Amino acid sequence: MAMWLMKSEPEAYSIDDLKRDKTTMWDGVRNYQARNYMRSMSVGDKILLYHSNCEVPGVVGLAKVVRTAYPDPTQFDPSDKHFDPASKRDDPRWSLVDVGFVKKFRRTVSLTELKDQASRLGDFALIRTGNRLSVMSVTQKQFDLVVSMADR
DNA sequence: GCCAACGTTGGC
DNA sequence: GCCAACGTTGGC
């Protein structure tokens, strides 16, 4: 089983929205590496949910993969913000997975705290400078450390 | 709102 | 295939 970290802007879609919806299509990802990660996901893979572009950026809870990758319908919708006119229906460019709510942490594990733990986290994509990936893989050790930080 | 660090696009 | 211009991400 693999583990991942996925970002969202809470103003667009927050962990509270996911808690309400139970599951959601993780649509709108328009980055090839992030897309490739989603295509490699399996049902049951664990996800650290991260809030970006907000007052306290950080990991806010856990989710899981509930459906493996399939074409992102928003790429074909001209009225959608993420419409991609270059994507063909018989060869869709963008994929998504369905994500299910698992739990919301009692507190946010902030980006600042994660940077403070950089030496224990090892090579963690999230805290590499200039990283803008919205989907990244994490190791079991990194996953467990973040979860233990949330319990403090 | 600023801006650094990217990724993508398109002319050549 | 190079690379400048442009658009986006996301912390601060």
Side-chain angles (χ1 to χ4, degrees), chain A residues 2-21 24-41 45-65 69-99 101-139 141-143 145-152:
Chain A
M3 274 142 289
W4 311 92
L5 181 144
M6 297 174 83
K7 296 179 184 173
S8 74
E9 300 190 12
E11 214 164 288
Y13 196 84
S14 72
I15 191 165
D16 293 320
D17 294 325
L18 182 59
K19 185 177 183 180
R20 177 197 64 212
D21 297 342
T24 195
M25 294 192 301
W26 207 260
D27 61 16
V29 173
R30 297 292 181 269
N31 171 281
Y32 288 106
Q33 195 177 347
R35 179 205 68 183
N36 292 343
Y37 278 142
M38 286 202 292
R39 286 182 176 176
S40 71
M41 290 179 182
D45 281 2
K46 295 178 178 180
I47 299 164
L48 297 170
L49 268 186
Y50 179 91
H51 278 176
S52 65
N53 250 323
C54 54
E55 197 171 352
V56 184
V59 180
V60 292
L62 303 177
K64 64 185 175 185
V65 177
Y70 59 101
D72 180 344
T74 65
Q75 68 195 301
F76 302 122
D77 180 358
S79 69
D80 194 277
K81 183 184 168 194
H82 299 288
F83 175 59
D84 183 352
S87 183
K88 306 226 168 45
R89 282 199 178 268
D90 56 1
D91 185 23
R93 180 178 289 183
W94 305 111
S95 302
L96 57 71
V97 295
D98 286 356
V99 167
F101 178 79
V102 174
K103 75 179 285 190
K104 181 181 179 179
F105 290 158
R106 282 180 293 122
R107 62 180 208 90
T108 299
V109 179
S110 71
L111 180 60
T112 307
E113 288 174 75
L114 291 168
K115 285 177 175 171
D116 288 343
Q117 298 296 323
S119 59
R120 293 174 69 198
L121 285 164
D123 186 22
F124 196 37
L126 183 74
I127 56 180
R128 280 206 289 265
T129 39
N131 177 67
R132 306 183 315 171
L133 256 191
S134 63
V135 179
M136 58 193 83
S137 69
V138 303
T139 65
K141 188 180 161 197
Q142 290 162 346
F143 188 94
L145 180 56
V146 173
V147 170
S148 74
M149 290 167 74
D151 286 334
R152 270 209 303 276

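By convention in this document, chain letters (A, B, ...) are assigned in the order of the sequence lines, proteins followed by strands, and residues within each chain are numbered from 1. Just so it is clear, the model here is predicted, and its values are computed rather than measured.
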Chemist: Tell me whether Gln142(A) contacts the main-chain N or O of Asp123(A) through its side chain, where contact means a donor paired with an acceptor under 3.5 Å.
Modeler: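 A pair under 3.5 Å: yes.
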
Chemist: Which pairs, protein N/O on one side and nucleotides 7-12 of chain C N/O on the other, fall under 3.5 Å?
Modeler:
{"unit_1": "dT8(C)", "atom_1": "O2", "unit_2": "Arg132(A)", "atom_2": "NH1", "d": "2.3"}
{"unit_1": "dG10(C)", "atom_1": "OP1", "unit_2": "Lys7(A)", "atom_2": "NZ", "d": "2.8"}
{"unit_1": "dG10(C)", "atom_1": "OP1", "unit_2": "Arg132(A)", "atom_2": "O", "d": "3.0"}
{"unit_1": "dG11(C)", "atom_1": "OP1", "unit_2": "Tyr50(A)", "atom_2": "OH", "d": "2.6"}
{"unit_1": "dG11(C)", "atom_1": "OP2", "unit_2": "Asn53(A)", "atom_2": "N", "d": "3.0"}
{"unit_1": "dC12(C)", "atom_1": "OP1", "unit_2": "Lys115(A)", "atom_2": "NZ", "d": "2.9"}

Chemist: Ring centres of Trp94(A) and Tyr32(A) under 6.0 Å apart?
Modeler: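 Under 6.0 Å, so yes.
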
Chemist: Do any N or O atoms from the side chain of Gln75(A) and from the backbone of Arg93(A) form a donor-acceptor pair under 3.5 angstrom?
Modeler: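 Yes, because the side chain of Gln75(A) sits within donor-acceptor range (under 3.5 Å) of the backbone of Arg93(A).
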
Chemist: Using ring-ring contact (aromatic ring centres under 6.0 Å, His included) as the criterion, list what pairs up with Tyr37(A), not counting sequence neighbours.
Modeler: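 Expected list: Trp4(A).
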
Chemist: What I want to find out is whether Asp72(A) reaches Arg35(A) closely enough, with some N-O distance under 4.0 Å, to be called a salt bridge.
Modeler: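 No, no charged N to carboxylate O under 4.0 Å.
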
